[in-house]
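Reading through the structure tokens given below for one structure.
All of these numbers come straight from a predicted model, not from anything done at the bench.
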Amino acid sequence: MTFRDFMSAALFHETHGFYTQAPSIGSPAGPFNTNAKFTAFGFGVAQAIEQAAHILGDPIRVIELGGGTGQLGSCLSSFLTIPHEYLVFETSPGLRAKQAEKGLKTVETLKGLEPTATVVFGNEVLDALPVHRVMGLANEEICELYVDLDEDGEFCEQPGTLSNAKLHQRLQDERIHLGRGHIAELCLELTPFLQELSSVVKPGYIIFVDYGDKASNIYSYRHRNGTLRSYYQQQQIYDPFFAVGQQDMTADVDFSAVIAEAAALGLDLAGWISQGAWLTNLGIQRFVEAGDDSRSRQQEVDLLIRETSLGSAFDVLMFKTPGLPDGPGLVPIY
Ligand SMILES: C[S@@+](CC[C@H](N)C(=O)[O-])C[C@H]1O[C@@H](n2cnc3c(N)ncnc32)[C@H](O)[C@@H]1O
């Protein structure tokens with residue numbers, strides 16, 4: 001099978017998939033830490049949604065993508081003061097159940113939703129979309145890395161011809177040349193995923209927070225083994241065949257591809273900024289002033305905005321439907 005199909009099964013298989021089993025994302029015993037566990041993050045994102053709502057006019061619909069345990073959704077919506085409907089779009093039934101326990105309304109597909117004024121927000125969702133793995137060969141050729149079983153019945157990698165011509169096209173469009181042995185992960189899921197979003201956001205903003213970079217950096221020789229990695233009990237590991245279904249698997253997001261695919265769907269880029277600068281511009285410091293426990297609140301804020309921590313680990317990529325002003329949080333307003 002392609003690595004894309006293997007990753008899809010490892011994460012989303014109906015019984016054994018990592019996300020299907022509703023992992024305790026964000027808890028100390030969970031697989032990894034996310035922004036979503038910090039109340040200050042919910043506060044910051046709520047400011048962005050409120051600013052977007054002032055442009056769109058209320059009431060608005062807020063769609064959170066991939067809501068995890070529902071921690072961010074319940075925190076974020078508690079900070080929203082504008083009239084709104086809050087929906088979590090989540091593919092994992094186990095996580096949908098956790099989100100519902102926190103009082104969130106969830107959907108497993110966006111199909112059937114009316115197009116309306118909407119702000120979509122997704123923290124670390126693009127990085128969970130399954131990727132193909134390709135590798136450079138001699139003579140400017142590339143092959144795809146498939147997953148097979150060896151004679152002992154263990155997973156192994158197997159090179160083969162490309163399963164989809166779009167893989168080659170993507171690299172050509174991005175002017176990426178992979179030297180011999182250079183591995184790259186390519187996500188073709190972006191097209192249907194963004195298509196589904198753009199069909200219901202009319203008008204509105206789509207905001208992604210994730211780790212990634214432009215194609216020329218992600219596919220540079222610095223990452224000649226690709227950026228695929230796994231998280232297992234708070235440890236980062238580099239073996240996709242270890243503890244399959246128990247570990248999260250992810251790759252850096254190719255922001256150039258996201259921008260190109262969004263543009264093809266008629267969405268304009270409304271901003272690209274580091275998480276630290278974005279939250280600072282949105283006035284996250286007011287979160288500290290709004291409570292008595294200012295010391296622990298300041299610690300949360302520092303963790304989220306500092307360049308040496310999550311502030312530069314994540315970027316914010318925003319899209320808008322044509323005719324709207326640029327996205328919230330690009331310039332300081334406090
Ligand atoms: C890395 S987790 C992030 C969870 C949460 N946003 C957070 O920051 O803690 C990825 C989330 O996206 C969900 N997900 C993955 N693919 C999805 C898709 N195509 N549509 C909607 N949700 C998806 C997963 O089930 C999971 O909830």
Side-chain angles (χ1 to χ4, degrees), residues 23-54 60 62-82 84 86 88 95 98-99 101-104 119-128 205-212 231 234 271-318 327-334:
S24 313
I25 303 165
S27 83
F32 53 86
N33 263 330
T34 82
N35 286 320
K37 71 182 226 183
F38 299 109
T39 311
F41 188 69
F43 175 87
V45 177
Q47 307 315 303
I49 292 173
E50 298 241 322
Q51 285 183 26
H54 287 137
I60 57 154
V62 179
I63 300 180
E64 183 188 348
L65 304 172
T69 59
Q71 196 169 1
L72 175 63
S74 54
C75 163
L76 196 173
S77 46
S78 74
F79 286 117
L80 290 176
T81 57
I82 38 128
H84 68 279
Y86 199 96
V88 185
L95 290 174
K98 283 195 176 180
Q99 294 154 11
E101 275 168 23
K102 294 200 169 71
L104 296 166
V119 180
V120 172
F121 177 77
N123 184 59
E124 287 197 56
V125 176
L126 295 178
D127 67 67
Y205 292 91
I206 302 177
I207 306 174
F208 296 111
V209 177
D210 229 311
Y211 36 79
Y231 290 93
Q234 306 280 350
W272 178 354
I273 185 169
S274 74
Q275 169 172 298
W278 189 62
L279 291 174
T280 304
N281 289 343
L282 288 166
I284 197 172
Q285 193 58 33
R286 288 184 304 130
F287 173 74
V288 177
E289 290 139 26
D292 299 331
D293 48 343
S294 56
R295 192 149 169 247
S296 63
R297 283 174 174 245
Q298 188 65 61
Q299 278 170 347
E300 273 197 22
V301 168
D302 289 347
L303 230 146
L304 290 165
I305 65 172
R306 278 195 179 149
E307 292 249 322
T308 46
S309 55
L310 301 177
S312 68
F314 292 98
D315 277 352
V316 181
L317 202 56
M318 290 182 270
L330 293 177
V331 287
I333 61 156
Y334 293 99

Applying side-chain contact (heavy atoms from CB on, under 4.5 Å), run through Ile273 and Asp315 and close with a yes or a no.
-> CA-CA 6 Å; Ile273 185 169; Asp315 277 352; over 6 Å; no

Taking Glu300 for its side chain and Ala40 for its backbone only, find out whether a donor-acceptor pair lies under 3.5 Å.
-> yes

Interatomic spacing from CG in Leu72 to CG in Asn35 - rounded to 0.5 Å | 8.5 Å

Within a strict 4.5 Å, meaning less than it, do heavy atoms of the Leu330 and Met318 side chains meet?
-> yes

Backbone N or O of Ile82 within a donor-acceptor pair of the Glu50 side chain at under 3.5 Å?
-> yes

Is any side-chain heavy atom of Leu317 closer than 4.5 Å to a side-chain heavy atom of Asp210?
-> no

About how many Å separate NZ of Lys98 and OG of Ser74, when rounded to the nearest 0.5 Å?
-> 13.0 Å

Output yes when a side-chain donor or acceptor of Gln99 lies under 3.5 Å from a complementary backbone atom of Gly68, and no otherwise.
-> yes

To the nearest 0.5 Å, tell me how far Ile305 CD1 sits from Glu307 CD.
-> 10.0 Å

Please confirm whether the backbone N or O of Trp272 pairs with a side-chain atom of Trp278, one donor and one acceptor, at under 3.5 Å?
-> no

With distance as the sole test, does Arg297 use its side chain to make a donor-acceptor pair with the main-chain N or O of Phe287 at under 3.5 Å?
-> yes

Determine, stepwise, if the pair Thr39 / Phe79 fulfils side-chain contact (heavy atoms from CB on, under 4.5 Å).
-> CA-CA 10 Å; Thr39 311; Phe79 286 117; 3.9 Å; yes

Pairwise side-chain contact, Ser77 with Leu104, heavy-atom cut-off 4.5 Å (strictly under) = yes

Does any non-hydrogen side-chain atom of Arg286 lie less than 4.5 Å from one of Gln47?
-> yes

Do Phe38 and Leu310 have side-chain heavy atoms sitting under 4.5 Å apart?
-> yes

Excluding sequence neighbours, so at least two apart, what forms salt bridge (charged side-chain N to carboxylate O under 4.0 Å, His left out) with Asp292?
-> none

Check side chain to side chain donor-acceptor pair (under 3.5 Å) between Asp127 and all other residues, then give those that pass, not counting sequence neighbours.
-> Tyr211, Thr250

Taking all atoms of both residues into account, what is the closest heavy-atom pair of Ala48 and Pro328, and its distance?
-> O-CG, 3.4 Å

Any sub-3.5 Å donor-acceptor pair from Lys102's side-chain atoms to Thr69's backbone N or O?
-> yes

Test side-chain contact (heavy atoms from CB on, under 4.5 Å) applied to Val119 and His84, step by step = CA-CA 10 Å; Val119 180; His84 68 279; over 6 Å; no

Heavy atoms only: give me the nearest Thr280-Gly276 pair and the separation to one decimal.
-> OG1-O, 2.6 Å

Is the shortest heavy-atom distance from the side chain of Val120 to the side chain of Tyr205 under 4.5 Å?
-> no

Should Val62 and Ile60 be marked as a side-chain contact (heavy atoms from CB on, under 4.5 Å) after you check the CA-CA gap, both sets of side-chain angles, and the distance that decides it?
-> CA-CA 6 Å; Val62 179; Ile60 57 154; 3.9 Å; yes

Below 4.5 Å, heavy atoms only, C-beta onward: do Leu76 and Ile49 meet side chain to side chain?
-> yes

Classify the ring geometry between Phe121 and Phe41 as parallel (under 30°), tilted (30 to 60°) or perpendicular (over 60°).
-> tilted

Ignoring hydrogens and geometry, is there a side-chain-to-backbone donor-acceptor pair from Gln275 to Val209 under 3.5 Å?
-> no

Value for CD (Glu124) from CG (Leu65), rounded to nearest 0.5 Å, stands at 13.0 Å

